[in-house]
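Heads up: the structure comes next, in structure tokens.
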Amino acid sequence: MQKTLIQNIIKINNMIEFKFNTPESMLVCTIHGRMGTETNEAFLSQVTAKIDESKTALEDPAKLKVCFDMKEVTYIASSFIRSCIVISRQVDAGHFNIANASPVIKKTFKIAGLDELLKVK
Amino acid sequence: MNDFERMADEMLEKAQIAAAVFQQLDQKETDRIVEKVFHAGFNARVKLAKMAHEETGMGNWQHKVLKNVIATQLVYESIKNLKTVGVISENHQTGITEIAQPLGPIFAIVPVTNPTSTVLYKTLICLKSRNPVIFSVHRNAVNAGKEAVRICYEAALKAGAPDDCLQIVPEHSRELTQAIMTHPKLALILATGGTGLVKAAYSSGNPAIGVGPGNVPVFIDRSADIPFAVSSVISSKTFDNGTICASEQSIVVEKRISGKVMSEFKKQGGHFLNPDEVKKLEKVAIDPASGNMSAGVVGKSAQFIADLAGIKLPEGARLMLAPLDGIGKDYPISGEILAPILGYFECDNYEDAIKTCIDLNYLGGIGHTASVYANDDKRIIEFAKIMNAGRIVVNTPSSQGAVGWTYNTLAPSLTLGCGTGGKNITTENISAQHLINIQRVARRRPNFSFHNFDLDKYTSEKLNAKDLDSEYYKNQ
């Protein structure tokens with residue numbers, strides 16, 4: 001069990017890069033590959049931790065914006081979609097967006113009825 | 001928004017996300033899921049059959065095992081090589097490329113008569129077409145249905161299917177069914193059940209494939225092999241105690257062969273009821289309020305029903321036949337009864353027999369199934385042309401024949417399209433190919449006649465269709 005968890009985290013580390021731009025209060029998470037169910041829990045906890053960390057670095061935590069850059073994402077599972085909703089609620093309304101989604105990923109959010117809520121571009 | 005609407009909303013929201021995720025999968029990934037679910041369903045065939053039998057008290061578990069085999073092995077065999085994802089056909093001559101897209105969330109209604117087999121079958125065809133399903137299983141078969149859904153869902157998830165690709169309604173209520181049926185996020189209702197339910201599906205405003213009752217007439221022609229025909233009818237009508245909606249409902253014969261047919265039935269386990277016994281049977285087999293079959297006899301054995309009615313059956317009798325003089329509400333046994341009970345009509349001649357079949361066919365079974373035993377192909381086609389039935393099974397047990405694959409090459413299915421007569425869009429046996437939207441990429445292939453024709457001529461009132469036609473096809 002422990003081994004699997006460690007492996008997931010390593011995998012996640014390979015899948016996400018965080019870039020925090022303080023002047024713009026913008027946390028950009030660049031995500032790579034397949035976002036399947038097996039990695040989702042670790043993904044969500046990592047992003048949540050990074051959001052908390054970023055908020056503490058800001059004078060006004062409410063200003064934090066989060067962007068998922070999904071240029072390199074080839075597949076998203078239901079759990080990842082749910083994580084996007086959870087993350088979007090961790091910041092103020094309108095402060096979460098998804099950028100560079102491929103047409104397939106864009107369509108996935110569209111069919112799920114979440115493209116507007118999550119501001120998918 | 002009331003509680004039912006909220007519940008429907010939550011289920012449809014999950015199903016919508018599942019549909020979104022599902023459409024990303026390719027053919028190989030989809031086929032892998034279907035294969036694994038087939039294995040899981042097939043391996044649980046006996047357990048599920050026993051559960052269904054125990055819970056519903058209908059039919060017998062051995063026959064329900066066979067139904068589960070049809071719903072898994074035969075359905076899988078028929079769909080495993082079907083293309084349901086992406087480009088499914090390309091024709092360079094016509095310039096048409098066909099692309100399959102999933103429909104979206106499907107609401108699947110499961111009847112008490114075939115609960116686990118219907119879940120298995122609908123699961124396979126929906127997953128093959130990448131559509132998530134919300135099941136509503138009849139309240140009297142809910143545990144068996146839930147278990148079938150659970151087994152399929154676990155296997156599907158392990159094979160990479162999206163979360164919530166299979167759901168089951170947590171409670172039974174007309175309001176919840178209505179809320180799901182009318183939900184704007186629902187793509188299709190796949191309804192197999194009673195008339196009221198099917199009507200509700202069609203009235204929902206969402207697309208529906210609804211299959212309701214049948215009333216299968218069986219015409220035994222003078223050219224038929226009578227012992228063979230009788231054996232076939234009995235094996236079909238006693239299969240799971242007659243719970244398949246394509247099972248035979250009435251036998252129609254000409255007077256000239258009736259004696260032989262009757263004696264063959266008697267020899268093989270049929271008991272002909274006298275008028276007094278018919279009255280007794282009507283009292284237990286027909287619900288006086290609706291005039292339809294009584295739930296208390298559905299899927300019960302002939303002996304059970306005879307005991308209920310106070311009829312003494314001869315030893316070895318497996319089937320009751322009620323000689324009838326007419327069709328309709330004054331002769332309620334002439335309608336659909338999903339139990340080992342048959343109407344029996346002795347007609348003066350061939351024409352009279354066919355007319356009797358028409359009346360039976362139109363008594364609540366339009367578009368469903370008709371059956372004929374004959375060795376005269378002209379008679380077979382004549383009979384088929386006059387019937388309003390999606391499938392006319394020939395020299396075949398109707399229950400098994402209509403559901404396909406075992407006695408013919410019809411697609412194996414537990415939802416039998418009934419055409420417009422049954423308010424359906426198709427007369428086919430429903431399978432995965434009915435659960436995809438097909439997009440057609442139409443490449444430029446100019447119509448030679450149209451492009452070479454002087455279009456201004458259409459504006460002249462002096463030219464009629466004949467004149468224009470000769471110009472249109474000039475030099476061809």
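Chain identifiers are assigned alphabetically (A, B, ...) following the order of the sequence lines, protein sequences preceding nucleic acid strands; residue numbering begins at 1 within each chain.
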*asked:* Counting neighbours of NZ on A:Lys119 that are heavy atoms of other residues, nucleotides or ligands and sit closer than 6.0 Å, is the number greater than 12?
replied: yes

*More than 12 heavy atoms of other residues, nucleotides or ligands under 6.0 Å from CD of A:Glu41: is that the case?*
no

*Does atom CD1 of B:Ile425 have more than 12 heavy-atom neighbours from other groups under 6.0 Å away?*
no

_Contact class of A:Ile76 relative to chain B, heavy atoms under 4.5 angstrom_ = both

*With a 4.5 angstrom heavy-atom cut-off, which part of A:Thr108 approaches chain B: side chain, backbone, both or neither?*
both

*side-chain contact (heavy atoms from CB on, under 4.5 Å) between A:Ser79 and B:Asp163, intermediate numbers included*: CA-CA 8 Å; A:Ser79 51; B:Asp163 294 350; 4.3 Å; yes

_Flag if over 12 foreign heavy atoms under 6.0 Å of NZ, B:Lys83_ = no

*How long is the span from the OG1 atom in A:Thr74 to the CD atom in B:Gln24, to the nearest 0.5 Å?*
8.5 Å

*N-O pairing of A:Arg34 and B:Glu29 below 4.0 Å*: yes

*Which heavy atom of A:Ser78 sits nearest a heavy atom of B:Ala18, and at what distance?*
OG-CA, 4.4 Å

*Could you grab the distance from atom CZ of A:Phe80 to atom CD1 of B:Ile17, nearest 0.5 Å is fine?*
12.5 Å

*asked:* Can you confirm whether more than 12 heavy atoms, excluding those of B:Arg445, are under 6.0 Å from its CZ atom?
replied: yes

*Considering only heavy atoms and a distance below 4.5 Å, find which of B:Glu13, B:Lys185, B:Gln23 pairs most often with chain A.*
B:Gln23

*Measure B:Leu25 against the heavy atoms of chain A and call it side chain, backbone, both or neither at under 4.5 Å.*
side chain

